[in-house]
Amino acid sequence: MTRACCTFVPPYLLRRLVDTDPAYAGGLSLDDRHRSHRAAVAPATPPEPGRAAAWTVHDARGGTDLPGTPRRAAGDPPTGDLAVDEASEGTAAALALFEEAYGRASYDGRGAPVSVTVHYGRGYANAFWDGTQLVFGDGDGRVFERFTKPVDVLGHELAHAVVEHTAGLVYEGQSGALNESVADAFAACLKQRLLGQTAAEGDWLVGAGLFRPGVAARGLRDMAAPGTAYDDPALGRDPQPAHLDAYVETTDDHGGVHVNSGIPNRAFHLAALAVGGTSEAGAGRIWYDALTGGDVGPRSDFASFAAATVLAAGPHADAVRDAWQEVGVVPGATGVPGARAAAPAPGLRVVVRRTGGFAGLVVEAAVDLDADRDDPRVPELRSLVGRVDLAGVGQVSAVPDAFVYDLDVCGERAVVPEPRLTPDLRRIVELVLGD
């Protein structure tokens, strides 16, 4: 699975700021370092539940060594340090949202203690989840305030941890934009929950209060009106699209994950208004059920995620479907009446080659997901492709006399002995080979 440091401020925005002040280059360098580290090292296993406080806030004291010095843990009184206390209260509130609204014990569902670091770096203008903990800078004092100030920034980063431990949405392209959007959705739920607001009463701004006075920005993102959050000489103009027709094809920022998240963000906003009530109990409940229900996987795109939310919406299915269609996304997974799957990029194929076995026979077949649209197997294969992650299969040891499957799923390759096939991979084999 492609891992990336889930930073709050998009790299493209920091690069623009470097043009006006070279001091921002240090922040970009730190972000790049964490991305490289996270791509190379798997996240550490959290401590066993019950062996540590529910959360602990550490102080990096302007350095970059993590986690830093412990300053406040669950049950401790305020310290008087604004960043420490904001991080403490925000983390506790975010954990309470997931536990009280969705019955989830911490980000992993098993009560893992949450490690938080504040005062990271000097003038560091960002926040991120690095696979093991939440990290927040104090801002640069010129454009950005401290990143613990808006509670939705804390909610956003904790939600990244939840995504990683549920659907595991790969942080690139459409799945990466969904990863960002889901984090924004739960951040909005948290903010509105603490303010006692319904979906109709919320301002739907992410990161409001993050900018210093004089900066022409209402927030970092506007879920109700993507592309309108800021327009400032230093920041430029908010580039987020609000409709699939304006989807940005780019190799920057892992395929534009922070830009294109505006599309599913607006769908969530529209769904929340249509469902009514509070966002956490309405659209938030639907999005959480979709995220954890097994129909969303590492490579899910907008259409397959939309289909999962429709399936999870129950009596609100029509309202949720309409919300997605309003932003140009047609829910497309198998089992959604009247829906069609969004076509993958031209030429994407699923190839299965079976070798080994006692007799040593070789069988090979392929299905082109784009060219073979009339093939009745294609809708189910598309849904399966959105869920499987061959990179996550890892190195699998051989099994004597077992069939061995060389799988090529839209460019991702893995060789897997038959006893090691997951249920989704076994179904792909059955569909392609006709077994």
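Quantities reported herein were computed from a predicted structural model and do not represent experimental measurements.
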* ring-ring contact (aromatic ring centres under 6.0 Å, His included) between Phe186 and Tyr102: does it pass, once the steps are laid out? -> CA-CA 11 Å; Phe186 290 122; Tyr102 312 123; 5.8 Å; yes
* To do: Kindly determine whether His119 and Asp138 satisfy side chain to side chain donor-acceptor pair (under 3.5 Å), including the steps that lead there.
  => CA-CA 6 Å; His119 299 310; Asp138 290 327; 2.9 Å; yes
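Of the possible donor and acceptor atoms, none in the side chain of Asp152 sits under 3.5 Å from a partner among the backbone N and O of Asp184.
Look at Arg321 and Glu326 and you find no salt bridge, because none of the NZ, NE, NH1 or NH2 atoms lies under 4.0 Å from a carboxylate O.
Of the residues listed (Gln174, Glu412, Arg387), the one engaging Arg299 in a side chain to side chain contact (heavy atoms under 4.5 Å, CB included) is Glu412, and it is the only one.
Between the side chains of His156 and Glu180, at least one donor-acceptor pair of N or O atoms lies under 3.5 Å. Between the side chains of Gln192 and Thr278, no donor-acceptor pair is found at a separation under 3.5 Å.
Residues meeting the side chain to side chain contact (heavy atoms under 4.5 Å, CB included) test with Leu194, sequence neighbours left out: Ala93, Val151, Leu190. Residues meeting the side chain to side chain contact (heavy atoms under 4.5 Å, CB included) test with Ala267, sequence neighbours left out: Trp324, Val327. With sequence neighbours left out, Ala274 forms a side chain to side chain contact (heavy atoms under 4.5 Å, CB included) with Ala319.
Here Leu421 contributes atom CG and Asp424 contributes atom CG; the two are 11.0 Å apart, rounded to the nearest 0.5 Å.
Annotation: Tyr107 is not in aromatic contact with Phe98 [ring centroid separation under 6.0 Å not met].
Nearest approach of Pro67 to Gln133, heavy atoms of both residues: CB-OE1, 3.5 Å.
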